Amino acid sequence: MKKSIILGALTIAGLSAGAAAAGTLDDVKARGTLNCGVSTGLAGFSAPDANGEWMGFDVAVCRAVAAAVLGDATAVEFVPTTGKTRFTALSSGEIDMLSRNTTWTFSRDTDLKFDFAGVNYYDGQGFLAPKALGVSSAKDLDGATVCIQTGTTTELNLADFFRANNISYEPVPIETNAEAIQQYLAGACDVYTTDASGLASSRATFETPGDHVLLPEIISKEPLGPLVRHGDNDWADIVRWTLNALIAAEELGVSSTNVSEMAASTNNPEVARLLGAEGDLGAMIGLDAEWAKRAIEAQGNYGEVFAKNIGEETPIGLARGLNAQWTDGGLLYAPPFR
């Protein structure tokens, strides 16, 4: 009797888990658009251009997923979120995935019930200060006023750093990056702290970027990446492996310009599996054979996305650093496509 009850409960649990797992993919297909949470505006990462079209490094992940799932990289509804609203938007189902500068942490992964689909940018928290302030180190900031976004890991990191170095500060809480920059440039705070990539992005938009310096200290590890809700394993697989497809494509020499040619003529078995020329990887995640080919064709490989949006030839001017492929001394690689 007990065995029957247990088996019955397990069956119901399995069916419930299966329904939850299939839910987001079915919803996205039925809707015909992907609802993707982004920032309220961070140059190079996620911000609307002059025509109102969303562009950027994080935006590209959304568009790659839309291309993989819907066959159309433009079939995305972008939902701007702040540090405070982003998690509510995801957990409530307002968005299907979150792709903005969000750090993978223990509590967000477990207590908030999210699944991070990987790391698309290895970052760390830094400090931006006016040259006129005359400081060369964050340890010189005793008594400084600091602009900081609420509801972020930077709040906790900042408190830890100042306490560890036995110096004091006065926080100036703000909601969005735009508000932080406005307050910082108006002199309402001495320095602004957030992810170093975000500081570089913001400085690039200043009228005189050279009047501001990034202090040398990086006080935290900030692995940034897209995330989805717990209990949605099939959908998490799609987001995870779409990101991995962009990363693997760079290593394997597959780009937006040669992807069709390589799909038709490659002798590399992993490239053939990635691009759907052989095997059934697409079927394993509920998609067709060319899901990854479409994602790469639409947005380019990881290196192309990086160079176009935030690389050294852009106003953001970020070097690859830790975000180089493992073959070039970075941390970046995708698990095997097999």
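Nothing here was measured: the structure is a model prediction, and the numbers come from that model.
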Those residues that, when tested against V271, pass side chain to side chain contact (heavy atoms under 4.5 Å, CB included) (two or more places apart): L252, V254, M262, T266, N268, L275
List the atom pairs, with distances to 0.1 Å, where a side-chain N or O of residues 132-139 and a protein N or O form a donor-acceptor pair under 3.5 Å, not counting sequence neighbours.
unit_1	atom_1	unit_2	atom_2	d
S137	OG	K139	N	3.1
S137	OG	E217	OE2	2.4

Centroid separation F114 to H230 less than 6.0 Å: no
All salt bridge (charged side-chain N to carboxylate O under 4.0 Å, His left out) counterparts of R320, not counting sequence neighbours: E250
Sequence neighbours excluded, every pair satisfying ring pair (Phe, Tyr, Trp, His ring centres under 6.0 Å) that has a member inside residues 262-302: F57-Y302
Residues which pass ring pair (Phe, Tyr, Trp, His ring centres under 6.0 Å) with Y192, listed by chain and number, not counting sequence neighbours: none
Side chains of T103 and T105, donor plus acceptor under 3.5 Å: no
Sequence neighbours excluded, every pair satisfying salt bridge (charged side-chain N to carboxylate O under 4.0 Å, His left out) that has a member inside residues 82-99: R31-D96, K84-E175
Contacts of A66 that satisfy side chain to side chain contact (heavy atoms under 4.5 Å, CB included) - sequence neighbours left out: L34, V76
Listed once per pair and sorted, the disulfide (SG to SG under 2.5 Å) pairs that draw on residues 104-215, sequence neighbours left out: C147-C189
Derivation of the salt bridge (Lys or Arg N to Asp or Glu O under 4.0 Å) call for E297 and K293: CA-CA 6 Å; E297 197 166 34; K293 178 176 177 287; 3.8 Å; yes
Any residue meeting side chain to side chain contact (heavy atoms under 4.5 Å, CB included) with A196, in chain and number order, not counting sequence neighbours: D123, I218
By side chain to side chain contact (heavy atoms under 4.5 Å, CB included) - contacts of P173 (at least two apart): T150
Heavy-atom pair of closest approach, residues A334 and I247: N-CG2, 3.7 Å
Intermediate values then yes/no, salt bridge (Lys or Arg N to Asp or Glu O under 4.0 Å), D237 and R240: CA-CA 5 Å; D237 285 342; R240 177 179 301 109; 3.1 Å; yes
Contact summary for H212 and F206, nearest pair of heavy atoms: CD2-CD1, 3.4 Å
Qualifying disulfide (SG to SG under 2.5 Å) pairs with a residue from residues 41-116, counting only residues at least two apart or across chains: C36-C62
Distance-only donor-acceptor check, side chains S220 and E222, under 3.5 Å: yes
Qualifying residues under ring pair (Phe, Tyr, Trp, His ring centres under 6.0 Å), relative to W241, sequence neighbours excluded: F337
